[in-house]
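One structure is given below, encoded as structure tokens.
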Amino acid sequence: MHGKPRPPADPARARSAMDHLIAAHVIGQQELARRLGVNVTDLTCFGFVLEAGEDLLTAGDLAARAHVTTGAVTGILNRLERAGYVTRRPDPDDRRRVRVAAVPDAVVRVEAVYAGHYARLADLFADYTPDELGTLTDWFTRATELAHEYLERLNSNGSKDSADCGDATEPG
């Protein structure tokens with residue numbers, strides 16, 4: 001399909017649109033997590049497990065992706081396991097480690113909750129040319145990297161005020 005005409009934009013408008021998108025998705029994720037009987041962090045971690053597919057993650061892998069400690073990920077995995085979302089399997093190469101696998105019934109439940117949203121996104125993406133989708137994908141990827149870098153900076157500063165993490169050109 002050919003791309004549609006786009007409204008004029010500048011960095012301030014783009015940032016405002018992004019802020020609204022993030023807010024809508026945070027609220028949406030909270031609602032989806034509630035419907036699935038888990039919290040947002042646990043649902044996010046389950047999403048990482050799903051994304052990994054057959055290449056099962058270790059608890060350490062999951063902690064790194066979620067930017068939480070290995071102790072915190074133990075609690076997350078305990079809750080997900082009790083709720084029937086994951087199982088832990090011994091690592092075939094290292095008996096001291098476990099790998100995390102999604103429970104097939106849980107995958108079906110989660111996919112059913114997300115199906116309507118993903119169908120709407122597919123319709124939205126159909127309004128963009130392949131080049132535009134490439135630009136969107138590039139932007140999402142790079143913005144995610146920036147967010148992870150900023151989170152690392154926040155975490156490395158410990159108890160310091162978050163304003164200390166900004167550059168001179170960034171708002172506090």
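When side chains are defined from C-beta on, Arg97 counts as touching Asp94, because their heavy atoms get closer than 4.5 Å. Residues Leu43 and Leu36 form a side-chain contact, since some pair of their non-hydrogen atoms from C-beta on lies under 4.5 Å apart. Inter-residue side-chain proximity for Phe46 and Val107 is flagged as met; some heavy-atom pair is nearer than 4.5 Å. With contacts defined as side-chain heavy-atom distances shorter than 4.5 Å, the pair Asn39/Arg79 qualifies. In this structure, the side chains of Met18 and Trp139 come closer than 4.5 Å at one or more pairs of heavy atoms. Taking 4.5 Å as the limit, some side-chain heavy atom of Leu56 sits within range of a side-chain heavy atom of Arg89. Two residues are said to be in side-chain contact when any heavy atoms from C-beta on lie closer than 4.5 Å; Tyr128 and Arg6 meet this criterion. Side-chain contact between Arg65 and Leu57 is present, with heavy atoms from C-beta onward closer than 4.5 Å.
Summarising the geometry, atom CZ belonging to Arg88 is positioned 14.5 Å from atom CZ belonging to Arg99; distances are rounded to the nearest 0.5 Å.
Here the options are Asn78, Leu77, Val86, Ile76, the test is side-chain contact (heavy atoms from CB on, under 4.5 Å), and the partner is Asp42; only Ile76 passes.
Residues Val68 and Phe48 share a hydrophobic cluster, clusters being chains of Ile/Leu/Val/Met/Phe/Trp/Tyr side chains in contact below 4.5 Å. Note on Ile27: it does not cluster hydrophobically with Ile22, by side-chain heavy-atom contacts below 4.5 Å among ILVMFWY residues.
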Checking His25 against His20 for the ring-ring contact (aromatic ring centres under 6.0 Å, His included) test, could you report, in this order, the C-alpha distance in whole Å, the side-chain angles of both residues, the deciding distance, and whether it holds? CA-CA 9 Å; His25 278 269; His20 287 275; over 10 Å; no

Can you list the steps and then say if Thr135 with Asp138 is a side-chain hydrogen bond (donor to acceptor under 3.5 Å, both in side chains)? CA-CA 5 Å; Thr135 299; Asp138 175 64; over 6 Å; no

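Contact check on Glu31 versus Arg35 returns a salt bridge, with a Lys/Arg side-chain nitrogen under 4.0 Å from an Asp/Glu carboxylate oxygen.
Defined by atom type and a distance below 3.5 Å, a donor-acceptor pair is missing between the side-chain atoms of Ser16 and Asp19.
Taking the ring centre of Tyr85 as origin, the terminal cationic atom of Arg109 falls inside the region bounded by 6.0 Å and 45° from the ring axis.
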